[in-house]
Amino acid sequence: KFKALDKISFNVPKGEVVGVIGRNGAGKSTLLKIIAGTLDASEGRVDVDGKVSAILELGSGFDQERTGRENIYLGGLCLGMSHAQTKEKEAAIIEFSELEKFIDRPFKTYSSGMKARLAFGMSMAIDFDCYLIDEITAVGDARFKKKSQAVFKEKLPSSRVIMISHSISQIKEYCDCGLLLTKGGAWFFEDMDDLFHRYRAILSA
């Protein structure tokens with residue numbers, strides 16, 4: 001048996017951003033999927049307070065045959081929103097994603113960047129208590145990335161955020177503390193310099 005995660009325990013207070021870092025296969029995405037509820041943990045307990053937005057794999061969960069607009073409503077249903085509630089957010093989502101000319105075309109005709117913009121637009125247009133983010137801000141062109149980061153920063157004070165990234169500079173910019181995963185285990189760091197020193201040592205080894 002291989003344990004992807006073992007004896008990991010941490011808490012995320014409101015207004016705090018935890019950066020999760022580690023080599024490929026360390027269990028980062030598995031951790032987020034367990035918190036999101038898309039994977040079941042074989043043992044242990046996960047307590048989540050409030051509504052969760054899990055931005056894990058851009059474009060996943062959308063119906064390829066339906067239009068972008070139809071997928072907005074399907075996504076709203078998956079998030080527990082009524083048709084009327086999604087209708088209120090529809091214009092903001094389309095405007096943010098910059099897909100006005102393509103919103104009524106099939107999702108399968110969208111480029112990867114267009115799919116990313118719609119997925120991120122959905123997540124940013126709705127207020128959540130907790131955001132789980134897997135390399136989301138690394139996608140898109142520079143202009144859209146800058147806009148996405150600005151909107152994301154506005155939501156930080158009122159939310160709990162767990163962010164995966166391989167970018168040390170990105171973790172430094174956004175995160176208050178960090179979780180280093182390796183071989184199923186974990187180290188929690190309040191000092192980010194200590195986190196990166198240990199991470200670099202693992203990469204060097």
So how far is it from [X] [atom1] to [Y] [atom2], rounded to the nearest 0.5 Å?
X: Ile8; Y: Leu179; atom1: CD1; atom2: CG; result: 6.5 Å
X: Glu90; Y: Arg69; atom1: CD; atom2: CZ; result: 4.5 Å
X: Leu5; Y: Thr30; atom1: CG; atom2: OG1; result: 6.0 Å
X: Ile21; Y: Thr182; atom1: CD1; atom2: OG1; result: 12.0 Å
X: Trp187; Y: Asp194; atom1: CH2; atom2: CG; result: 13.5 Å
X: Ile103; Y: Lys101; atom1: CD1; atom2: NZ; result: 14.0 Å

(message) Hydrophobic clusters here meaning ILVMFWY residues chained together by side-chain heavy-atom distances under 4.5 Å, can you tell me if Ile93 and Leu77 are in one?
(response)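 Looking at the clustering, Leu77 is in a separate group from Ile93.
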
Heavy-atom count check: over 12 atoms from other residues, nucleotides or ligands less than 6.0 Å from [X] [atom1]?
X: Gln85; atom1: CD; result: yes
X: His197; atom1: NE2; result: no
X: Glu190; atom1: CD; result: no
X: Asp40; atom1: CG; result: no

Any side-chain heavy-atom pair of [X] and [Y] under 4.5 Å:
X: Glu65; Y: Phe107; value: no
X: Leu132; Y: Val52; value: yes
X: Lys28; Y: Met163; value: no
X: Met114; Y: Thr109; value: no
X: Leu74; Y: Arg66; value: yes
X: Leu180; Y: Phe189; value: yes
X: Ile162; Y: Ile133; value: no

If you take all heavy atoms of [X] and [Y], which pair is closest and at what distance?
X: Gly15; Y: Asp176; answer: O-OD2, 3.9 Å
X: Val18; Y: Val12; answer: CG2-CG2, 3.8 Å
X: Phe144; Y: Ser97; answer: CE1-CA, 4.5 Å

(request) Answer yes if the ring centres of Tyr110 and Phe62 are under 6.0 angstrom apart, and no otherwise. (result) no

(message) Centroid separation under 6.0 Å, is that true for the rings of Phe196 and Tyr199?
(response)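 Aromatic pair excluded; centres sit 6.0 Å or further apart.
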
(request) Give a yes-or-no answer on whether the side chains of Asp134 and Ser29 include a donor-acceptor pair shorter than 3.5 Å. (result) yes

(message) Check this for me: does any side-chain nitrogen of one of Glu43 and Lys3 sit under 4.0 Å from a carboxylate oxygen of the other?
(response) yes

(request) List the steps, then state whether side chain to side chain contact (heavy atoms under 4.5 Å, CB included) holds for Phe96 with Lys147. (result) CA-CA 9 Å; Phe96 183 87; Lys147 181 174 76 169; 4.0 Å; yes

(request) Please answer whether the main-chain N or O of Val161 pairs with a side-chain N or O of Ser159 as donor and acceptor at a distance below 3.5 Å. (result) no

